[in-house]
Protein chains: 2
Amino acid sequence: MATSMKTARKSAAANELDDGKTAADGTVASAADRVSETILQGIRAGAFVPGQHLLEPDLTRRLGISRGSLREALKHLAAAGIVTLNRFRGAYISTLDRKSVLDLLDTLEPLARLGARLAAENCGTDAQRKRMQVAAANIDAATRERNRGLYLDRRRQFYDAMIDIGGNMELARAMPLSRTDLFRAQVETIQTERQRMLHASGYAKITKAIVENDPVSADKAVKKHFDGTRKTIHELPPHAFPSLEI
Amino acid sequence: MATSMKTARKSAAANELDDGKTAADGTVASAADRVSETILQGIRAGAFVPGQHLLEPDLTRRLGISRGSLREALKHLAAAGIVTLNRFRGAYISTLDRKSVLDLLDTLEPLARLGARLAAENCGTDAQRKRMQVAAANIDAATRERNRGLYLDRRRQFYDAMIDIGGNMELARAMPLSRTDLFRAQVETIQTERQRMLHASGYAKITKAIVENDPVSADKAVKKHFDGTRKTIHELPPHAFPSLEI
DNA sequence: CACACGAAATCGTCGAACGATATTGACGGA
DNA sequence: TCCGTCAATATCGTTCGACGATTTCGTGTG
């Protein structure tokens with residue numbers, strides 16, 4: 001298992017990172033940051049699967065960066081819980097069992113509710129309302145297209161918009177969104193169509209409450225959203241949560 | 001300013017880190033982890049102050065580690081918001097303004113309340129009750145001793161105990177405790193004696209609710225604790241929050 | 001077939017090096 | 001005297017090569 005992009009590329013054995021690309025704020029991202037983002041993106045797109053072993057020589061060659069920069073990136077991802085580092089055994093994409101996922105939901109929920117309340121209180125300009133509505137529409141479109149990578153990207157963008165508008169930047173740091181990407185990537189391929197649609201529809205309700213500047217409804221919509229996700233998790237079959245020990 | 005440990009040591013120009021020390025679970029900590037912990041500890045103890053410039057050559061010499069390991073550690077701390085990295089200008093201990101602190105409190109509060117509820121639900125054994133009571137008593141003792149470094153260490157241990165007992169390890173990852181250490185270190189020297197005592201007394205009330213397995217009271221006690229802290233922040237003079245731009 | 005042994009693979013850490021950028025201070029002209 | 005320009009320095013970002021430590025795995029032996 002887990003050798004999807006293994007043989008995909010052979011020539012041009014370097015740099016599939018967006019070299020020296022600016023990071024939204026004009027500053028160029030460091031090599032390690034680009035690696036982190038590439039791996040995260042790879043997880044969302046399904047190129048990296050939970051449990052997969054990340055080999056340093058392989059990655060340095062494929063990404064065209066030095067071992068030092070790669071190790072910085074892996075360290076960063078390990079701190080975020082995206083990869084697990086085993087001394088002398090290497091890095092693995094983390095695997096979440098059912099309890100971890102439920103714990104993650106318990107942790108994320110109050111933060112998401114806070115974020116939604118703040119966004120609802122703070123969504124004052126037309127540009128902000130537009131941004132939320134576009135983000136929600138994008139999620140909806142990706143859901144209908146059944147494009148899993150796109151869906152996870154846009155889900156992330158939705159949260160980013162909500163947090164931005166809310167204006168509490170500490171929240172952006174604390175919310176375990178990357179770890180949630182991991183869990184979503186693990187679940188996305190297994191859940192039923194109905195569960196997928198149900199989950200996607202939650203974002204529209206949250207958006208509605210936010211653009212109407214209704215913090216109470218926004219809070220409630222997020223709560224319902226999480227309750228639904230919990231229900232889905234309970235319904236998932238055991239094989240959705242690999243038990244293979246690291 | 002901020003050169004306390006500068007001249008303290010002259011010979012044995014290396015390794016004030018606990019070499020190869022085990023990290024509670026038997027595994028030896030990596031060099032970068034030891035550096036992170038040393039810097040964090042230095043912040044709590046006051047050896048590093050917000051705004052201080054961290055020079056790589058200086059730190060590698062003082063800590064006795066390579067530049068690569070140091071940079072891994074700085075990257076980690078930057079991700080946690082403890083230090084700020086400026087491209088080609090180096091690393092600085094982060095500085096929190098009043099809004100950031102209030103945002104941090106808003107973010108931390110729901111997580112702390114969740115942690116307290118879980119701990120209250122889960123505090124079943126005598127050992128667990130004992131651990132909470134000892135942690136609370138330790139905070140109290142450090143407060144009376146007016147030992148700021150000790151107080152911050154034990155405050156951290158209190159939260160660790162609460163989270164451990166609660167059993168939700170995602171919470172441990174998400175709670176911005178290190179960033180709170182930063183804010184506490186910034187505030188600790190400025191707040192009045194009354195404010196200090198008031199804050200410290202909150203932990204006893206939280207502990208009481210937890211050992212009595214009363215989640216509702218635990219939640220309420222944490223809420224009151226945070227309300228008190230917010231009040232303190234509002235009362236603090238402007239000079240408690242450096243505005244010197246990085 | 002179980003077990004010991006050794007080779008290969010991989011990781012953790014270090015040291016040196018080079019280019020890129022910010023900061024600093026000197027210099028000269030208005 | 002003051003201010004702008006330019007070179008020197010300090011520091012960072014990144015890469016490369018090297019060494020020891022540890023795990024993993026294949027092989028030979030009893």
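Throughout, a chain's letter reflects where its sequence line sits, starting with A, and its residues are numbered from 1.
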State plainly whether the residues B:Glu145 and B:Arg196 are in salt-bridge range, i.e. N to O under 4.0 Å. no

Name the nucleic acid region contacted by A:Gly68, choosing base, sugar-phosphate or nothing; use a 4.0 angstrom heavy-atom cut-off, strictly under. nothing

Criterion side chain to side chain contact (heavy atoms under 4.5 Å, CB included) against B:Gln52, the qualifying member of B:Ile43, B:Val83, B:Ile93: B:Ile93

Tell me every residue that passes side-chain contact (heavy atoms from CB on, under 4.5 Å) with B:Ala136, counting only those two or more places apart in sequence or in another chain. B:Phe158, B:Thr207

Figure out the CG/C1' separation between B:Asp58 and D:dC12, and round it to whole Å. 15 Å

Whole-Å distance between D:dG13 C1' and A:Leu70 CG? 16 Å

Taking protein heavy atoms under 4.0 Å as touching, what does nucleotides 17-26 of chain D look like 5' to 3' if B marks base contact, S marks sugar-phosphate-only contact and - marks none? -B--BSSS--

For a 4.5 angstrom cut-off between non-hydrogen side-chain atoms, does B:Ile39 reach B:Val35? yes

Which whole-number value in Å describes the distance from B:Leu85 CG to D:dC12 P? 10 Å

Please work out if B:Leu54 contacts a base, only the sugar-phosphate, or nothing of the nucleic acid, heavy-atom cut-off 4.0 Å. sugar-phosphate

Run the side-chain contact (heavy atoms from CB on, under 4.5 Å) test against B:Lys130 and tell me which residues pass, sequence neighbours left out. B:Val134

Applying ring-ring contact (aromatic ring centres under 6.0 Å, His included), can you list everything that pairs with A:His76, at least two apart in sequence or on another chain? none

Checking side-chain polar atoms at under 3.5 Å, does B:Arg184 have a donor or acceptor matched by the opposite partner on B:Tyr151? no

With a 4.0 angstrom cut-off to heavy atoms of chain B, pull out the first and last contacting nucleotide of DNA chain C, in 5'-to-3' order. C:dT13 to C:dT23

Under 4.0 Å: is that the gap between some side-chain N or O of A:Ser69 and OP1 or OP2 of D:dG13? no

For B:Ala112, enumerate each residue passing the side-chain contact (heavy atoms from CB on, under 4.5 Å) test, keeping only those at least two apart in sequence or located in another chain. B:Tyr159, B:Met175, B:Val222, B:Phe226

